[in-house]
Amino acid sequence: MSKPVLTAVAWPYANGPRHIGHVSGFGVPADVFSRYQRMAGNDVLMVSGTDEHGTPILVQADQEGVTARELADRYNKVIVQDLQGLGLSYDLFTRTSTRNHYAVVQELFRTVHRNGYFVPRTTMSAISPSTGRTLPDRYIEGTCPICGYDGARGDQCDNCGNQLDPIDLINPRSRINGETPIFTESEHYFLDLPALADALGSWLRTRTDWRPNVLRFSLNLLDDLKPRAMTRDIDWGIPVPLDGWRDRPDKKLYVWFDAVIGYLSASIEWARRFGNHGQPDPEAWQRWWHGGDEQARAYYFMGKDNITFHSQIWPAELLAYDGRGAHGGTAGTFGALNLPTEVVSSEFLTMSGSKFSTSRRTVIYVGDFLREFGPDSLRYFIAVAGPENQDADFTWEEFIRRNNFELANEWGNLVNRSVSMTHKNFGAIPAPVVRTDADVALLKASEAAFATVGDLLGRSRFKQAATEAMRVVGLANKYISESEPWKIKDDPDRQGTVLHTALQVVDDAKTLLTPFLPHSSQKIFEALGGQGVWAAQPEIRTVTDFADDVEGVGVPDVVDYPVLTGDYAREQATWARRDIEVGTPLAKPTPLFGKLDAKLGETGPDWAPIG
Ligand SMILES: [Zn+2]
């Protein structure tokens, strides 16, 4: 039976173009999952957008001499194009600088505050002596008091990974001009995580089927729950919606408080724009957010550096909004909201053994990659060799090997020779006459793969799922080699039966591989006589922000911006065998996957860093 499935994809940060390490953590796994769920008949809502607040945007904008908004506008457009190019089938990919998002975030803040889960506290805030302006945490660096690393930032030490306060740093200095900040008292709102600890723990302990590393990490977080600041001394972000706070230019909500609320605000924006078959239906988001796991499932996809925010901060915000912590309370205007069904986190993709890094030029941008190689070979690499359960390494050598041997030799060649032999000898799909044991065994194995691969995809075991689908391809290649249809021209019945069997398995395999390779599966669908859309792709549309949502100081102007959305209901892909139709004319096929020059394996393309 059809179930609402929310695919909540981590929000790429709009301070630059995204690299292939980013999309291997959130984008591709989430899309493979969503495409499978749609094919299996579930009602998918896949949402995300660019994350545009916080200090890194400000730092980058300062360096480039533009405003934070201008910087976010620029990279929002770049990221939207890259994600469309990769074929990520978002129902809505939006951004956090919309008035809709501001309104939803402020509603959450007000209700969490009313329910008693924000505690005010005085902290020491850093001020620049030369300008008198607040210096946000990340603008400050110094020596880590825990490990002694000299480049620690005010919010965190990249060397030992500990969270810090700027005042803890030894020899703190401004990253802008090197001066020593002065510290003054500053008032902030802290989320009362200790009051939500029991509720968080009860919920987490029911999540037994998560990836073990994610569950272990999340449970460990419970041991050290302290109130956590959800406002910041910064002038770029969402205003704090309380009297005495909302008009202050130097106080905004913490970027992480607002970014995770994006899953809800994007669902609401989707409903307001496209909720009823592409037409507005403002209440349509509720199916994915009410009634708990029984009514709707919610899967959150991200890299491991974001687990804390999805298995602790976001559920804590939801529990506080719903009034389910130690202080009680009642839900606000959105009603009681569902917690994540699963936090599906990937590990890191490294580049020839080291971390992707823009500054060290070990980085491959998604846009560059797509221009050179197209989307499906990258999608495949990430699914089959990506960082699903442990850190994985991208090397050009391995990428070329996977492309040439698995996609071109194994899969592309199976399609090509089955279709071209049929075209040459019959011109159309021949009828099977008498099936041998070998024919029947292959057909059975191929059909059985729908259950195995589907079960793995439903549990986000992408590596195993891709391997199982490719096993069917291997069986079909072996079958053709052993049956040698090119040698049995004098027995057209047998030759036709072999080719019919091979084509049926090609059709099965193209369905099994659709979540990974939607673009090439569409081409195979057409090569086998299919018409229309097999696997739908996202499109970019320009929309106008809602005028009536929020007012006041620091609220975004009503502007146009690009979103990703798509008409996925029209796609014909379903998760089951389709019997191929005897008599369908087949044309001479064109190769699906180009073979790449093996020399690229040593150097990479000339625009890419040397691995
Ligand atoms: Zn440290």
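In this text the structure is predicted, and so the values were computed from the model without any measurement. Just so you know, ligand 1 is whichever comes first in the structure, and atom 1 is the first atom listed for that ligand.
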*Asks:* Report the relative orientation of the aromatic rings in Trp396 and Phe369; use parallel for angles under 30°, tilted for 30 to 60°, perpendicular for over 60°.
*Replies:*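 Parallel, since the angle between the ring planes stays under 30°.
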*Asks:* Shortest non-hydrogen contact from Ala14 to Glu52?
*Replies:*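 Looking at all heavy atoms of both residues, the shortest contact is CB-CG, 3.9 Å.
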*Asks:* For Glu185 and Thr122, test the side chains for any donor-to-acceptor distance below 3.5 angstrom and give the result as yes or no.
*Replies:*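 On atom types as modelled, these side chains do not qualify, holding no pair under 3.5 Å.
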*Asks:* Closer than 2.8 Å to the Zn ion (ligand 1), how many protein N/O/S atoms do you count?
*Replies:*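 For the Zn ion (ligand 1), protein nitrogen, oxygen or sulfur atoms under 2.8 Å: 4.
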*Asks:* Quickly, which of Tyr102, Phe257, Trp256 forms a ring pair (Phe, Tyr, Trp, His ring centres under 6.0 Å) with His53? Name it, please.
*Replies:* Tyr102
*Asks:* Using 30° and 60° as the class limits, which term best fits the ring planes of Trp314 and Tyr263: parallel, tilted or perpendicular?
*Replies:*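 Rings of Trp314 and Tyr263: tilted, 30 to 60°.
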*Asks:* Closer than 4.0 angstrom, basic N to acidic O: yes or no for Lys226 and Asp224?
*Replies:*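 Answer for the salt bridge query: yes.
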